[in-house]
Amino acid sequence: ETGISTRAQQEDKEITRERALTDQVRTIEADADCLRQILANLLSNATNASSEGSTITVSTSIHSDGDETDPETPRRLKVSVQDSGGGIAPGDLDRVFDRFYRAERTLINGLGETGVGLAIVKSLVEAHGGRVWVDSEIGVGSTFSFSLPINKAYEDPWLEIDVPPLDLSSDQHD
């Protein structure tokens, strides 16, 4: 869910938000508040970059880091936010996640205004064992994507997980 200001801005600009979500349900081990912050920042940037009447697409998919046929290959949940804004110049692509970086010629209105939104996204994604990247084409738009590891323990219902018992009589949980 995005913040009220982003939703209001999307309504003001008559921006449509589409979803293309995978029907393959997988569980990731992640902090829900962090995921909301990641998506809020990406959707805010996409909203700022998009012109009136355009569409922002949020999509999810499952992919792997290697051999798709090998069941031992780690699987990842990929989330993408695609806008149809002005795009990012090739020389700026490597630096958009740097803290306080601003493009010399801003091609996307709003991108880099605070200088920390995408740096926060990168930090939060990497703290969860994931990675973040951007694909962009001038005049077409940008797609910001991140992937997070799928927790194998939750994929297999027969897999036993040893969880140490919580000792409520201990004084060590202050």
Side-chain angles (χ1 to χ4, degrees), residues 1-3 6-7 9-10 13-51 53-90 92-98 107-108 110-112 117-159 161:
E1 192 63 35
T2 61
T6 300
R7 277 184 280 164
Q9 190 177 10
Q10 287 175 352
K13 292 173 79 172
E14 297 180 358
I15 294 173
T16 304
R17 190 177 343 162
E18 292 183 355
R19 293 183 177 127
L21 308 178
T22 180
D23 50 356
Q24 294 179 304
V25 179
R26 295 290 192 268
T27 304
I28 56 172
E29 190 170 346
D31 181 90
D33 289 332
C34 287
L35 289 179
R36 277 192 276 279
Q37 182 67 52
I38 291 166
L39 284 171
N41 285 3
L42 294 178
L43 284 167
S44 176
N45 281 348
T47 301
N48 288 332
S50 298
S51 58
S54 61
T55 300
I56 295 171
T57 303
V58 178
S59 61
T60 61
S61 60
I62 305 296
H63 70 97
S64 68
D65 292 333
D67 183 1
E68 294 278 344
T69 61
D70 182 1
E72 294 302 312
T73 300
R75 303 287 192 257
R76 294 182 165 274
L77 173 68
K78 176 183 170 187
V79 180
S80 297
V81 176
Q82 180 181 21
D83 65 58
S84 54
I88 302 169
D92 292 323
L93 286 174
D94 291 344
R95 299 180 286 176
V96 295
F97 294 104
D98 293 349
L107 295 172
I108 296 180
L111 179 61
L118 290 174
I120 290 170
V121 166
K122 182 179 181 186
S123 295
L124 292 174
V125 167
E126 289 178 352
H128 285 83
R131 69 179 200 92
V132 62
W133 66 97
V134 60
D135 297 303
S136 187
E137 186 176 339
I138 298 295
V140 176
S142 301
T143 302
F144 285 85
S145 301
F146 66 94
S147 67
L148 298 173
I150 293 172
N151 191 328
K152 286 189 91 168
Y154 294 115
E155 273 190 57
D156 185 352
W158 300 105
L159 184 63
I161 305 171

Inset, instruction - Carefully, step by step, assess Leu124 and Gln37 under the rule side-chain contact (heavy atoms from CB on, under 4.5 Å). - result: CA-CA 9 Å; Leu124 292 174; Gln37 182 67 52; 3.8 Å; yes

Inset, instruction - Considering non-hydrogen atoms only, spot the tightest contact between Pro149 and His128 and give its length. - result: CD-O, 3.5 Å

Legend entry - Shortest non-hydrogen contact from Ile150 toward Ile62: CD1-CD1, 3.7 Å

Legend entry - Interatomic distance, Leu39 atom CG to Cys34 atom SG [nearest 0.5 angstrom]: 11.5 Å

Legend entry - Closest non-hydrogen atom pair, Ala49 against Asp83: CB-OD2, 3.9 Å

Inset, instruction - Give a yes or no answer on whether the side chain of Ser44 reaches the backbone of Ala40 with a donor-acceptor pair at less than 3.5 Å. - result: no

Legend entry - CD-CG distance between Gln82 and Asp135, expressed to the nearest 0.5 angstrom: 9.5 Å

Inset, instruction - State, yes or no, whether a side-chain contact exists between Phe146 and Ile38 at a heavy-atom distance under 4.5 Å. - result: yes

Legend entry - Close side-chain approach of Leu42 to Leu118, heavy-atom, < 4.5 Å: yes

Inset, instruction - Please report the closest heavy-atom contact between Ser80 and Thr143, naming both atoms and the distance. - result: CB-CG2, 3.8 Å

Inset, instruction - Check for a donor-acceptor pair, side chain of Ser136 on one end and backbone N or O of Gly141 on the other, with a separation under 3.5 Å. - result: yes

Legend entry - Test side-chain contact (heavy atoms from CB on, under 4.5 Å) applied to Leu35 and Ile28, step by step: CA-CA 11 Å; Leu35 289 179; Ile28 56 172; 3.9 Å; yes

Inset, instruction - Measure the spacing between CZ of Arg76 and CZ of Arg131 and express it to the nearest 0.5 Å. - result: 7.5 Å

Legend entry - For the student: nearest non-hydrogen atoms of Ala89 and Ile138, plus distance: N-CD1, 3.5 Å

Legend entry - Euclidean distance, Phe144 CZ relative to Trp133 CH2, rounded to 0.5 Å: 12.5 Å

Legend entry - For Asp33, all residues meeting salt bridge (charged side-chain N to carboxylate O under 4.0 Å, His left out), sequence neighbours excluded: Arg36

Legend entry - Separation between CG of Leu21 and OG of Ser61, rounded to the nearest 0.5 Å: 10.5 Å

Legend entry - Ser54: partners by side chain to side chain donor-acceptor pair (under 3.5 Å), with sequence neighbours left out: none

Inset, instruction - Specify the closest pair of heavy atoms between Ser50 and Ile15, including all atoms of both residues, with the distance to one decimal. - result: CB-CD1, 3.8 Å

Legend entry - Separation between CD of Gln10 and CZ of Arg17, rounded to the nearest 0.5 Å: 4.5 Å

Inset, instruction - Using modelled atom types only, decide if a donor and an acceptor are shared between the side chain of Ser147 and the backbone of Lys78 within a distance under 3.5 Å. - result: no

Legend entry - Side chain Thr60, main chain Thr22, donor-acceptor under 3.5 Å: yes

Inset, instruction - Check Asn45, Val81, Ile88 against Ser142 for a side chain to side chain contact (heavy atoms under 4.5 Å, CB included) and give me the one that passes. - result: Ile88

Legend entry - Polar contact flag, side-chain donor to acceptor under 3.5 angstrom, Glu18-Thr55: no

